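Each remark here refers to the structure printed beneath this line.
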Amino acid sequence: MAGAGFEDVWRREAPHVLAALSRRHGTFADCEDAVQLALVAAAEQWPRDGVPANPAGWLLRVASRRLVDQLRSDVARRAREEKAARLDAAAPAEIPAAGDDMLDLLVLCAHPALTPTSQLALMLRAVAGLTTAEIAAGLFVPESTVAQRISRAKATLKRAGARFAPASPTELPARLLAVRHAISLLYTRAHLAADGPRATDPLLADTAVRLARALVRRAPADPENAGLLALLLLTHARGPARLDQQGDLVPLEQQDRGRWRQELITEGVTLLERTLPVGYVGAFQLRAAIAAVHDEAPDVAATDWPQILALYRMLDRVEPSPATALGLAVATAEVDGPAAGLALLDDLPSSGHRAHAARGHLLARLGRTAQARAEFRRAAELTRSIPEQRYLNRLAAGAPD
Amino acid sequence: MKYVILIHSNPQPWGHPTADYLPEHQALPAAERNRLNKDFEDGFAQVVERGEFVHAEALGAPSTSRLFRWRDGDRVVADGPYAEGKEHFAGFFLIDVETQERAEQIAGLFSGPGETVELRPVMSGGPED
């Protein structure tokens with residue numbers, strides 16, 4: 001039997017098993033260890049004996065036994081011994097009806113005591129069911145580094161007294177904000193080379209989209225959850241056209257829009273149309289709306305720039321950031337001319353490589369070629385992306401924009 | 001975000017950790033040397049514990065290196081090091097951190113009397129967000 005079949009099953013079931021075990025026994029770190037041990041046992045036994053009829057029940061039974069062993073072995077802690085005795089009697093055989101366990105796990109992983117990279121590592125293992133090796137391959141760090149991040153994250157949760165429990169209605173909105181940022185960070189990391197030669201990235205990109213879908217399914221009342229999913233879908237849709245055959249970056253203006261994934265665009269736009277009129281409009285919905293305007297335009301010239309400009313102005317009020325200021329300047333240039341855009345760029349407090357690249361494009365349109373090339377050269381020096389650097393160096397050498 | 005921390009040094013004799021072989025470091029009072037070493041060890045233990053440490057290697061003596069150059073259409077191979085270099089590349093650390101500020105904080109741990117430390121971002125295979 002193909003190995004991929006087992007992996008799919010336990011990747012799907014592991015988060016539910018972890019949630020069931022944590023809900024019953026509280027200590028997330030111990031439960032997470034126990035689930036990992038159960039997965040190891042499954043990796044040994046399932047290929048030999050076949051997938052059990054009730055894989056979740058099997059995993060939960062084995063994980064419970066491991067948890068009991070773990071608690072028992074800690075003889076120095078009498079209280080734990082007593083707990084183990086109680087546990088033994090009540091070893092669960094069935095998975096309770098799936099509630100919002102996925103959401104509760106996400107919320108726990110996005111605990112404010114954890115750094116964003118730790119939130120990410122924990123989320124990928126506990127919620128997405130990826131192995132340490134898969135996470136390491138996706139994030140381009142060694143397995144030992146990922147293992148360190150996960151064990152530190154668990155220790156931090158323990159110290160912070162974080163419990164596996166539904167977040168209270170008052171703290172849920174703030175926690176969902178952190179969950180959305182972690183998923184968005186995951187997508188951004190995966191998107192880096194999603195269509196490049198690195199085979200592991202599509203797994204992470206798909207995982208981010210899957211988590212965003214799960215978030216919408218579990219907490220549909222929050223319009224920003226739909227905004228996040230729409231943003232990911234509308235960005236993901238352009239994947240096939242982002243890099244050329246040499247792996248060089250193709251800017252949005254030059255992408256072959258026929259290669260964009262139309263079904264993802266339709267899904268993203270439908271989501272937004274359902275969500276935008278509902279009430280509170282947050283940053284993810286606005287960024288998704290901007291992406292939708294780009295995705296629906298047949299070409300750059302036919303893009304509805306006044307609408308994009310209006311959306312950037314709203315975004316600048318809701319969540320001002322250097323990236324938003326840059327988008328605002330670019331949209332202004334499209335609506336009011338390159339000089340107006342350049343004036344806004346001159347006011348930017350800090351100028352990363354993107355600001356220099358944008359200045360280069362606007363200067364080129366004003367016929368100030370020498371200055372434009374200098375801006376492209378500076379942008380090429382500052383970027384950390386090799387495809388982007390090749391593209392900017394081509395522009396600096398005077399290649400047609 | 002990944003960064004490499006490059007340790008440039010000219011210990012005499014060549015040896016690791018480079019600080020132990022640098023006259024500037026040796027000239028310090030023992031208590032001061034111990035304090036610097038402890039600061040480094042504590043700080044670096046935290047880097048490892050936070051999952052920010054990716055990889056590190058110490059390099060052999062510059063005198064053991066071979067230099068490959070191209071001259072007049074031919075490959076020229078010579079013994080190292082560069083005759084003019086006062087400092088040599090002694091080793092590197094690869095870290096993966098959240099921010100430039102954190103990378104600078106960690107690189108600071110490596111700088112001591114007589115050492116030159118260089119922090120450089122690592123290029124990625126894809127466009128940034």
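What you see is a predicted model; the values in this text were computed from it and never measured.
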Query raised in the report: With a 4.5 angstrom heavy-atom cut-off, which part of B/Glu98 approaches chain A: side chain, backbone, both or neither?
Result: side chain
Query raised in the report: At a heavy-atom separation under 4.5 Å, does B/Val97 approach chain A through its side chain, its backbone, both, or neither?
Result: neither
Query - Considering all heavy atoms, the nearest B/Pro121-A/Arg384 contact - result: CB-NE, 3.3 Å
**Report entry** Which atom of B/Met123 lies closest to which atom of A/Ile386, heavy atoms considered
**Finding:** CB-CG1, 3.7 Å
[atom2] on [Y] to [atom1] on [X], rounded to 0.5 Å:
X: A/Thr115; Y: B/Glu52; atom1: OG1; atom2: CD; result: 7.5 Å
X: B/Arg50; Y: A/Thr117; atom1: CZ; atom2: OG1; result: 8.5 Å
X: B/Glu49; Y: A/Thr156; atom1: CD; atom2: OG1; result: 7.5 Å

Query raised in the report: Side chain of A/Thr145, backbone of B/Phe53: donor and acceptor closer than 3.5 Å?
Result: yes
Query raised in the report: Who passes salt bridge (charged side-chain N to carboxylate O under 4.0 Å, His left out) against A/Arg377, sequence neighbours left out?
Result: none
Report task. Would you please name every residue forming a salt bridge (charged side-chain N to carboxylate O under 4.0 Å, His left out) with B/Lys2, sequence neighbours left out? Result -> none
Query raised in the report: Is any side-chain heavy atom of B/Asp96 less than 4.5 Å from a side-chain heavy atom of A/Arg149?
Result: yes
Query raised in the report: A/Ile150, A/Val141, A/Thr235: which one forms the most heavy-atom pairs within less than 4.5 Å of chain B?
Result: A/Val141
